[in-house]
2 protein chains.
Amino acid sequence: MAILSDLGTEILVPACAIVGIVFSVVQWILVSRVKLSPERHSLSNSSKNGTAEYLIEEEEGLNDHSVVQKCAEIQNAISEGEFSIADLSEHLFPLYRISVCWNFMVAFAILIFVFLGSVEGFSTKSQPCLYNKGEMCKPALANAIFSTISFLLGGLTSLLSGFLGMKIATYANARTTLEARKGVGKAFITAFRSGAVMGFLLAANGLLVLYIAINLFEIYYGDDWEGLYEAITGYGLGGSSMALFGRVGGGIYTKAADVGADLVGKVERGIPEDDPRNPAVIADNVGDNVGDIAGMGADLFGSYAESSCAALVVASISSFGINHEMTAMFYPLIISSIGILVCLITTLFATDFFEIKAVKEIEPALKKQLIISTILMTAGIAFVSWIALPSSFTIFNFGSQKVVKNWQLFLCVGVGLWAGLIIGFVTEYYTSNTYSPVQDVADSCRTGAATNVIFGLALGYKSVIIPIFAIAVSIFVSFSFAAMYGIAVAALGMLSTIATGLAIDAYGPISDNAGGIAEMAGMSHRIRERTDALDAAGNTTAAIGKGFAIGSAALVSLALFGAFVSRAAISTVDVLTPKVFIGLLVGAMLPYWFSAMTMKSVGSAALKMVEEVRRQFNTIPGLMEGMPSLITPTCVKISTDASIKEMIPPGALVMLTPLIVGTLLGVETLAGVLAGSLVSGVQGGMCPSSALVGSANCHLCFQHCGAWDNAKKYIEAGASEHAKALGPKGSDPHKAAVIGDTIGDPLKDTSGPSLNILIKLMAVESLVFAPFCCTWWPAFQIWK
Amino acid sequence: MAILSDLGTEILVPACAIVGIVFSVVQWILVSRVKLSPERHSLSNSSKNGTAEYLIEEEEGLNDHSVVQKCAEIQNAISEGEFSIADLSEHLFPLYRISVCWNFMVAFAILIFVFLGSVEGFSTKSQPCLYNKGEMCKPALANAIFSTISFLLGGLTSLLSGFLGMKIATYANARTTLEARKGVGKAFITAFRSGAVMGFLLAANGLLVLYIAINLFEIYYGDDWEGLYEAITGYGLGGSSMALFGRVGGGIYTKAADVGADLVGKVERGIPEDDPRNPAVIADNVGDNVGDIAGMGADLFGSYAESSCAALVVASISSFGINHEMTAMFYPLIISSIGILVCLITTLFATDFFEIKAVKEIEPALKKQLIISTILMTAGIAFVSWIALPSSFTIFNFGSQKVVKNWQLFLCVGVGLWAGLIIGFVTEYYTSNTYSPVQDVADSCRTGAATNVIFGLALGYKSVIIPIFAIAVSIFVSFSFAAMYGIAVAALGMLSTIATGLAIDAYGPISDNAGGIAEMAGMSHRIRERTDALDAAGNTTAAIGKGFAIGSAALVSLALFGAFVSRAAISTVDVLTPKVFIGLLVGAMLPYWFSAMTMKSVGSAALKMVEEVRRQFNTIPGLMEGMPSLITPTCVKISTDASIKEMIPPGALVMLTPLIVGTLLGVETLAGVLAGSLVSGVQGGMCPSSALVGSANCHLCFQHCGAWDNAKKYIEAGASEHAKALGPKGSDPHKAAVIGDTIGDPLKDTSGPSLNILIKLMAVESLVFAPFCCTWWPAFQIWK
């Protein structure tokens, strides 16, 4: 038996979740202390805030009257800017609010109910258990009902977290700009705290809702844990379905707006980026938040929910579930609970224990967050494995039971945790302009856009190597020790520091917008330098976040794949059988097909946006002269509608493939398809060039598109002799760099991240519908 | 028993091979009838050739004196041009002649001998057979010796065929230009005949050498067919190793020369393409032949040799081999023999039965070649399956024997044959500027290089879909009917029309060079129009050829994979075991790694070339003024040396991975790696954008890079209103198209085709070294 009592578990998990929620509320309150009303900035008011005044004084020259006067003006300008930016949250809703999204949720919920209910012909009679031989389990109809409920819960939790994340992000960006006047440290803390709100809310909500759902379901299910945890998998499906909207829809949204704003505004009309005259600018800013905050949040939430569900479903048919050991059963949730505490302490390192005094300290501070949380979490995992697990137990291993020790499970979680860190840092190495890869890409711009693209592609291919080995090692270790349960907890290990990871990730777009506001408000060069530094650090760490996202997606998909194989009672997936091999081949092709669709979607949506912006410039008099664009919502609406419409084909590909293959070609071919798309999807996602979709590989590639972006920034910044030689803006190498950046943009922000969803959603859907496929396949089968 | 007697088989196979060789010699003689000496073109001489005169007369205006005079001048110019082009064959040698290549052959031969000999400690005693239980087989040392011999034979045959192919290509191009004066039909026939020389020589040589080797080996092996055909697999390894030089080395060579010539000549010095003043021009022209003729030839020869070996090795442990049914055993060779006859008849359709009268008939004529050969071959296969096979027999199926009917084997071969045709035509659809995909890509150039690249990428991803389904269907059908033997014969089916396929393929570079010669010689606009039309048709059909190459590579690799799995006595390759799964994941990453290496290699080699050409322009007085460049060989040498040096890292990756993985991690992990790289490598190769490496997928993608090339040509040609709107040369859309073309170039000519070699070579090497890995793995194993 575990050291921790069942009662202790029942207190610990919700307590940690509530601590997380409280902590994020506190962070929000701290951010809200930065007042946006211009009045406060008269000298008398600002003296209320001791530190702020101190910092203003610290900055040389800020004391003389003219500067204070200027500050007030900027303040005014920002207030106005802030209002339009604050309105963003109103515009963010469309993506979620519009009927399509709800219709989808409801339609899919009905589908789940009907499909799963049909397994036993909607019978209300108990049925013999599948794994727990000799016992009676709840009817399939109950599973259908509870799967539907947990699906809706998962979807709503994801939606809520994403919405709150965007709310705080749009709430915090102008405040970050204001704080930048007091010093880079203050600005950093504001941006980081806002990111933490998102991170902790999401991690704690996800945990709490899951915990409550399990406890409520248990009232009905009682001792039928096999059925209970099968029904809970709907939670993961719900979370991932919303991620489809966040990542695919959001990705199309953000790039359509971005391209539309740039092509017509910058290129055709020659007005600067983020110029308020451009009707698409608001849509563009909204897009940043939709894609990077809501999309990333929904994606990681999906991974988190799915890996928990995959672990729980395997645990329920292992000794934990068979012997009803609650504490051991909740091991995945306890890991996440401790993760919240660890991240809480880690956050204090950034916001309270140390203070950033110079621009060059920002990036190390963010990286330290990752390292500190990983080290602390390692100890946390060891502790949890010691108190929550029996010293020896058995784990379901495709039909047999495998004996596992508690220290082996510690190693499984630990290897996932550290693999995440390694993938993150490798990604950073290939996308940060501090290191030679991006500098080489920048250098290749000398000979034009073509060499830039080729070089970026080669870099992208190369950057996949180490992450794939890191994933391979963690799979091997966790698989060897604890079969598919090991993979699931390895994924959980990687995601255990999700609160910190998301805080860092959300920090990026907040700083980006803060910079935009400083630019729009015409603030002084020194303020902009500070927000630019914050932004640059954010870009780098965003790459780390994407590394985590794809690494965890790979592990999660594999864990779900394992759970699916277990649920479908497949004992081997033999490459040497034709049905598996062609599944593998076709599955590996899916990421390509999917990427072709998303790229086409971005193109179509962008075209609509371009036409609308052109139309407004041509038909609305006074727009170019600075008359405020009252028709801004039109652009937002176009982006929203287009993204929803354009995500249907790729969405349908993802949602229908498992059902069609599973029902017509059988679960073994489906297993092949899943393995193929997993192996293929990861690689493309990782490629810097992201030009590569391919395989686990696929995804790896995509995220390094950041290399092109940063190569452009490197030339623009001109921080070194080398960079100066390539610049300045407008030089031929810079033009070549811009082309590379434009190519990389849709790849890294739409196609790449969408691949995460492809591989995860197909796997979790297969798992949820496994009983359906198993039941109906014999009726439809094309081959044996 | 089969209808065809053993004696009949022993006559039929060599007879067909000899017929093929004789036919190609006849074609050569026919081509050589076109005389290059200017004297012949005085009116009295040309009257010897009745048809030629008739055709000249047919062309309006060619009869008046000034035109004849001009022809003589052109003739003179060409003769000079021809000499330098004819010298190419002297320069082609370096790639093969230089010590590295021989050293490699010898070193690898020694490696094979030592590794395979070590299996039984170089014992000369007979050993119990592995499959044919109860019988005694020849010692492992004998297998080592004969494998080494067959390896050398395979390498030499590939070398010889490639060399002769280049010889005829450089011999024929000026003759094609001359014939273009008489009419497009004459020129077409000359170019096509020359291509046929290459095609038939390669197909017939490959068959004959294999046939002789088997018969000679049989003198020693006697009834030990298991050992005999295991030793014969070295033939495939030898062929593929040379393909490594042809495809990877050749690919680096051709692109280094191309980029070097273009960057310094066209961009920096502003002299036209193919200008004789450019010191790299010869290297560039040599490169075309090395890459497209020798590379493609070696690649397809490798596929052909490997699929024959894979089929034979599986047959030897099936009922054919166990019962010593020679005719049935030789079924793969008989298919190839009939293929030569079918291709011979097909060729006559192009050269004798019909005559091309107008430019627009060229492309249909080439496509008809493929269709005719496929239809005739279908009948041929049916015939062979009827006469050469018993009506029922058993095939080795991973440990058990599977009962197969002769009509099932007919379907296996047939499905491969037709899948090849489908892949070819889909590839053509996505790369020919007759259809909307390329026109859309051209259209996307309006908004710049970035949209061009993105559009090309999306197109590339999309183009993978149908070919992957075609491959999947042929795998499923052939696998279901006859296990791995079915796959091997499906590959043979696809390659059975290799002579026609290669003829069409080699026709491309010949026409290309003919156009270059017309340009260099300053021939009239109308002549150039004809050679351009020949060239354009060649570009399209080259894409078809590449489709065949990758499609067959996928099937061949799978067949070799199956043979390897059989030889290593693996009964399942279960994705649900960690060692297989990580093999799959890492294997899927290898195409990325490999592509990163080859792209870097092209970059480095091109840089060296650029430096040399710059140095020559700067230091050699009079070069720009047209003084003939006596230091041309320097450029050829640089390209040769660089390509050899730069191919070492990617070559080492391919050659060492199977040995290291197989010895240290075991054959099951190696099986995973092979499956992963196969599934991943095919896709990348197919992508038009070729920006995708990924998965069987990988390779598919690459070859469609041709879409960018053709989009550029489409704009340049300005044949339609649409195209005219985008042009002319030098317009912004055209510049954008040039960037896309430059990006696609190294991908489609180096990285993409190299992936064929990656997947095939790793598979055949695993097969040859399977006994070694099985023996030594237990000593080194890291895990069980």
Side-chain angles (χ1 to χ4, degrees), chain A residues 263 398 447-450 453-455 457-458 461-462 464-465 468-469 471-472 475-476 479-480 562 565 572-576 578 580-582 584-586 588-589 591-593 595-596 599-600 603 671 675-676 679-680 683-684 687 689 691-698 701 739 742-743 746 783, chain B residues 263 398 447-450 453-455 457-458 461-462 464-465 468-469 471-472 475-476 479-480 562 565 572-576 578-582 584-586 588-589 592-593 595-596 599-600 603 671 675-676 679-680 683-684 687 689 691-698 701 739 742-743 746 783:
Chain A
L263 267 187
F398 306 120
T447 35
V453 173
I454 293 172
F455 226 90
L457 280 176
Y461 296 143
K462 216 164 96 181
V464 171
I465 302 166
I468 288 288
F469 277 118
I471 294 176
I475 287 172
F476 187 77
F479 207 133
S480 303
V565 167
T572 55
V573 180
D574 187 358
V575 177
L576 301 182
V580 170
F581 191 86
I582 64 163
L584 213 56
L585 192 65
V586 172
M589 178 266 284
Y592 289 86
W593 194 351
S595 296
M599 286 161 84
K600 194 188 148 289
V679 169
S680 174
Q683 329 255 355
C687 247
S689 57
L692 323 196
V693 195
S695 226
N697 297 326
C698 225
C701 260
I739 291 178
T742 316
I743 293 168
W783 58 67
Chain B
L263 268 186
F398 306 121
T447 36
V453 173
I454 293 172
F455 225 91
L457 280 175
Y461 295 144
K462 218 163 95 184
V464 171
I465 301 167
I468 288 287
F469 278 118
I471 293 177
I475 287 173
F476 187 76
F479 207 134
S480 302
V565 167
T572 57
V573 179
D574 187 359
V575 177
L576 302 180
K579 57 189 168 187
V580 170
F581 191 86
I582 64 162
L584 212 55
L585 192 65
V586 171
M589 179 267 284
Y592 289 85
W593 194 351
S595 296
M599 286 160 84
K600 196 187 147 288
V679 170
S680 175
Q683 328 255 354
C687 247
S689 57
L692 324 193
V693 193
S695 219
N697 297 325
C698 227
C701 259
I739 291 178
T742 317
I743 293 169
W783 58 65

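Each chain gets a letter, A, B and so on, in the order its sequence line appears, and its residues count up from 1. Just the heavy atoms: all of them, side chains too, but no hydrogens, waters or symmetry mates, feed the values below.
The shortest heavy-atom contact between A:Ala472 and B:Val586 is CB-CG2, 3.9 Å. Shown here for B:Leu576 and A:Phe479, the closest heavy-atom pair between the two residues is O-CZ, 2.8 Å.
Using a 4.5 Å cut-off on side-chain heavy atoms (C-beta onward), B:Asp574 and A:Thr572 make contact.
Highest contact tally toward chain B, considering only A:Gly562, A:Ala596, A:Ala675, is held by A:Ala596 [criterion: heavy-atom pairs under 4.5 Å]. Heavy-atom pairs under 4.5 Å with chain B were tallied for A:Ile465, A:Val565, A:Val580; the largest tally goes to A:Ile465.
Between B:Leu585 atom CG and A:Ile471 atom CD1 the span is 6.0 Å, to the nearest 0.5 Å. In this structure, A:Ile475 CD1 and B:Lys579 NZ are separated by 16.0 Å, a value rounded to the nearest 0.5 Å. The CH2 atom of B:Trp593 lies 11.5 Å from the CD1 atom of A:Ile468; values are rounded to the nearest 0.5 Å.
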